Q: 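Please find one structure pasted underneath; my questions will follow.
So you know, we letter chains A, B, ... as the sequences are listed, proteins then strands, and number each from 1. Bear in mind that the values here come from a model prediction, so they are computed numbers and not experimental data.
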Protein chains: 2
Amino acid sequence: MNVELTERRRRVLKTVIQHYIDTANPVASHELASEIGVSSATVRNEMSALEEAGLLMQLHTSAGRVPTDMGYRYFVENLMERASLTAQEQRTIKHQFYQVRSDLDQWIHLAAAVLARTVRSAALVTPPRSYESRFKHLELISINDNTILLVLVLQDSTIKQQTLSSEEPYTQEQLGRIAGRLNSLCEDATATVVSELSSSSASLAPPLISLEIHVLELVARAMSLFEDQMNELIHHDGLLEMLEQPEFMQVARVREVLSILQGGTMLDSLIPQALASDGVQVVIGGEHGRDELRDYSVILSRYGVDGEVAGVLGVIGPRRMPYPRSISTVRYIANVMSDLLTDLYGSDTRPVRESK
Amino acid sequence: MNVELTERRRRVLKTVIQHYIDTANPVASHELASEIGVSSATVRNEMSALEEAGLLMQLHTSAGRVPTDMGYRYFVENLMERASLTAQEQRTIKHQFYQVRSDLDQWIHLAAAVLARTVRSAALVTPPRSYESRFKHLELISINDNTILLVLVLQDSTIKQQTLSSEEPYTQEQLGRIAGRLNSLCEDATATVVSELSSSSASLAPPLISLEIHVLELVARAMSLFEDQMNELIHHDGLLEMLEQPEFMQVARVREVLSILQGGTMLDSLIPQALASDGVQVVIGGEHGRDELRDYSVILSRYGVDGEVAGVLGVIGPRRMPYPRSISTVRYIANVMSDLLTDLYGSDTRPVRESK
DNA sequence: ATTTAGCAGTCTCCTGGTACGAGTGCTAAA
DNA sequence: TTTAGCACTCGTACCAGGAGACTGCTAAAT
């Protein structure tokens, strides 16, 4: 990355980007003259040089300058100052999370809602998941004579329900005993272990009855399915907030962003990457050759508890995005979520958290 | 409702509406001349009369006619023919549902997806719920020394998870015994009964310990909360499909429909109404004085098992909507869902189903 | 050597005017 | 009662021209 910029050029670049982020209008030289303390002609010369360097560009000859992907990148890495949330904002957010602290389902909803409203663009959150599914508990509940509801709880508190039909009727007591036996058999087992159990059932004393085998098969399948289903579980919010941005004046843009969020082409690639890295990831425009993201920027962070569970949260918006604030917000919410999860999983471990 | 229309006028109205639904363009007199078998001048006279009657209108003097709300209403009630799905479509849909038959969570997702793709507008589905929450089963799972995961299953297979913290640590066995006792205490109880149990605990022998009281309080709260939370649980799909319609060329429209779906102002009023009525409900434009729906039509149907569980599903789209097909599709999917639920809840009851 | 004022040049966007096309309502004849 | 014909009304597409916004360049000032 070009670091051979004079101090003044860095200042011009920074100011241009800040103005553009604020106003969504290409920035003219005279807008900066007083701010930089030189004449507009001098600013023009500097801008020329920055354009030469690939950091700024013009939409047409008589327009002001807008940042390029590279320009934004330079800004994010070298120029911008951290913009933490105010103490008041932090208190409000903490308080909201405190109110739903016992309601696991609400966490991701709240995280997405807070992100969206704080940065005024779309937010996405995946639920916290173990690196590998581990069995925690199962329950068999009689629905009617030949239907049983299987409720499966995994180590990461994921809950999955399924029905299964049985030839012969079972009483709730019988089902309770069966569930008890399977629970002790499967304690902490991974998907493969459960799967093996169900196939080598004859070697156990007493051998498993057919219902038990059937249940184990379902459990094994549900557990291994989880690893793929990540995409379906991405929760998002804030479409409405994002539509307020001027870049969404044309419906085509709205369609684009909807298919990115729903189709998940980008999530297939960006989320695993965020899951594998520490800290906040910023993808500006089509940086990594992802053409469908050409006009968008994505800010993602992993959250969770090291070695236990992890999820990803972040925002997606137009390239012209308030990076300092967005990055701070994503980082803050990720920390809050990590703290919440740390309270749940092992007080002996520490949250995934970037050093201040 | 004006039934004093000559046969030919009815035919003109019907044809105008069909053309408009197909093309989204105001319909000119000469487009119908050959179809009706008279000259365009005659068609114009008839159109004039229909405009007089409030069934058609012009956007400006030199434009063709478009239907009014009343026109659509007359069409839906008196003119349109039923358009059942083809046998092939029905087979495909049935097959898709068959594949997820054991996966309760998937039902509403699939229903919304199928609706959206079949009628090419936005679909919404609420999960099937009992008229009154009844307790079915609870489970207490030890997460760590002072955190317990409470999994609550209601009669309608709704599952809710919550954490609670306890002063002193409990082993999983202890928790199992406690859960067992509470399960037999609460069998089939309503929210109020559970609530009474938790407050009159001293009268039981042995009296409930503080953890048990705490759990019962949480259960009671969770059960009564459900009745309000309906709105949050509305699942929708098909935004992208709907955006293909020409009425969504302007972003303002997209915003409108998003806030209707998310804000739920309309769902607060329409869904309870659909839940309380039989058959398919059609709301055209601002018919019931709902101004935010002025430009949209909503088709809803209840589904479920009489006396057991019920939910609502349907579509929302521009007023210019293929009513015959949409109504048939909504009715069909509602029947499929009702059948699925009938297999689960009492084979002795019959599905909510409109007579053919 | 750097900065700056001034100016010519380029490009967008808005405005007003016009021609065109679409579709109607009316009238008078069939 | 129907229909052909025609005048009339509007919306829209198109074009030219002018205003405005910025730039790049040049030449003078520091």
Side-chain angles (χ1 to χ4, degrees), chain A residues 4-13 15-68 71 246-247 249-250 320, chain B residues 4-13 15-68 71 246-247 249-250 320:
Chain A
E4 328 125 30
L5 289 181
T6 65
E7 187 52 34
R8 193 172 65 188
R9 267 180 206 164
R10 294 160 58 95
R11 233 180 111 201
V12 169
L13 177 61
T15 317
V16 167
I17 293 183
Q18 284 171 339
H19 273 233
Y20 186 61
I21 287 175
D22 283 352
T23 65
N25 289 318
V27 183
S29 53
H30 65 84
E31 288 178 53
L32 308 189
S34 66
E35 199 160 340
I36 304 289
V38 293
S39 76
S40 67
T42 309
V43 175
R44 275 201 289 283
N45 289 330
E46 298 292 54
M47 280 177 154
S48 245
L50 289 166
E51 180 160 5
E52 192 76 17
L55 299 166
L56 293 180
M57 60 180 283
Q58 296 181 275
L59 298 173
H60 52 86
T61 51
S62 74
R65 302 308 211 284
V66 298
T68 62
E247 13 275 290
M249 291 298 284
Q250 327 142 52
R320 181 187 64 79
Chain B
E4 329 125 30
L5 288 182
T6 65
E7 186 52 35
R8 193 171 65 186
R9 265 177 210 168
R10 293 159 60 95
R11 235 181 107 203
V12 169
L13 177 60
T15 318
V16 166
I17 294 182
Q18 283 170 342
H19 273 232
Y20 186 60
I21 287 174
D22 284 353
T23 65
N25 290 320
V27 183
S29 53
H30 65 84
E31 286 178 55
L32 308 189
S34 67
E35 199 161 338
I36 305 289
V38 293
S39 75
S40 66
T42 309
V43 175
R44 273 201 291 283
N45 287 332
E46 299 292 54
M47 281 177 153
S48 244
L50 288 165
E51 180 159 4
E52 192 75 17
L55 299 166
L56 293 181
M57 60 180 284
Q58 296 181 275
L59 298 174
H60 52 85
T61 51
S62 74
R65 302 310 209 284
V66 298
T68 61
E247 13 274 293
M249 290 299 284
Q250 325 143 49
R320 182 188 63 80

Q: Looking at residues 24-35 of chain B, who's got a heavy atom less than 4.0 Å off DNA chain D?
A: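 Heavy-atom cutoff 4.0 Å gives no residues at all.
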Q: Reading DNA chain D from 5' onward, which residue's closest nucleotide shows up sooner: L59(B) or Q58(A)?
A: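 Looking at DNA chain D, the more 5' nearest nucleotide goes with L59(B).
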Q: Test your reading of the model: is there a side-chain donor-acceptor pair from T68(A) to the backbone of M57(A), 3.5 Å cut-off?
A: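 Checked: no pair found.
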Q: Nearest-Å distance, CD1 (I36(B)) to P (dT2(D))?
A: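 Distance, rounded to whole Å: 13 Å.
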Q: Rounded to whole Å, how long is the line connecting atom CZ of R44(A) with atom C1' of dC7(C)?
A: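 Between C1' of dC7(C) and CZ of R44(A): 11 Å.
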Q: Select from N45(A) and T42(B) the residue whose nearest nucleotide in DNA chain D is closer to the 5' end of that strand.
A: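 The residue closer to the strand's 5' end, by nearest nucleotide, is T42(B).
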Q: Which is true for S48(B) with a 4.0 Å heavy-atom rule: it touches a base, it touches only sugar-phosphate, or it touches nothing?
A: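 Answer is sugar-phosphate: S48(B) comes under 4.0 Å of backbone atoms only.
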Q: Name the closest nucleotide to the S62(B) side chain, picking from dG23(C), dT4(C), dA21(D).
A: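 When the side chain of S62(B) is considered, dG23(C) is the closest of dG23(C), dT4(C), dA21(D).
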Q: Okay, side chain of R320(A), backbone of I21(A): is any donor-acceptor separation there less than 3.5 Å?
A: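 Answer holds: yes.
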Q: Indicate yes or no: at least one non-hydrogen side-chain atom of E46(B) is less than 4.5 angstrom from one of L32(B).
A: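 No, every pair of side-chain atoms sits at 4.5 Å or beyond.
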Q: Quickly work out the E46(A) CD to dT23(D) C1' distance and round it to whole Å.
A: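 Taking atom C1' of dT23(D) as the reference, CD of E46(A) is at 15 Å.
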Q: Among the nucleotides dT4(C), dC11(C), dG5(D), which one has an atom lying closest to any side-chain atom of H60(A)?
A: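 Of the candidates, dC11(C) comes closest.
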Q: Any heavy-atom pair between the side chains of R65(A) and S48(A) that's under 4.5 Å?
A: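 A side-chain contact exists here, since the closest heavy-atom pair is under 4.5 Å.
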Q: Could you grab the distance from atom CG of L50(B) to atom CZ of R10(B), nearest 0.5 Å is fine?
A: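 Answer rounded to 0.5 Å: 11.5 Å.
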Q: The side chain of R65(B) lies closest to which of these nucleotides: dT3(D), dG25(C), dT4(C)?
A: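 It is dG25(C).
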Q: Please pick, from dT23(D), dG25(C), dA4(D), the nucleotide with the shortest atom-to-atom distance to any side-chain atom of M47(A).
A: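 Nucleotide nearest to M47(A)'s side chain: dT23(D).
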Q: Measure the distance from CD on E52(B) to C1' on dT24(C) and round it to the nearest whole Å.
A: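 Whole-Å distance recorded here is 15 Å.
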Q: Can you tell if the side chain of S40(A) reaches within under 4.5 Å of the side chain of R44(A), non-hydrogen atoms only?
A: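 They are in side-chain contact.
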Q: Given side chains that start at C-beta, do those of L55(B) and L5(B) come closer than 4.5 Å, heavy atoms only?
A: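 The answer is yes, as the side chains (C-beta and beyond) meet within the 4.5 Å cut-off.
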Q: Could you tell me the Watson-Crick or G-U partner of dA7(D), where both distances fall under 3.5 Å? Say none if there is no partner.
A: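 Looking at the geometry, dA7(D) pairs with dT24(C).
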Q: State whether R8(A) places a side-chain N or O below 4.0 Å from either non-bridging phosphate oxygen (OP1 or OP2) of dT2(C).
A: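 The answer is no; no side-chain N or O of R8(A) sits under 4.0 Å from OP1 or OP2.
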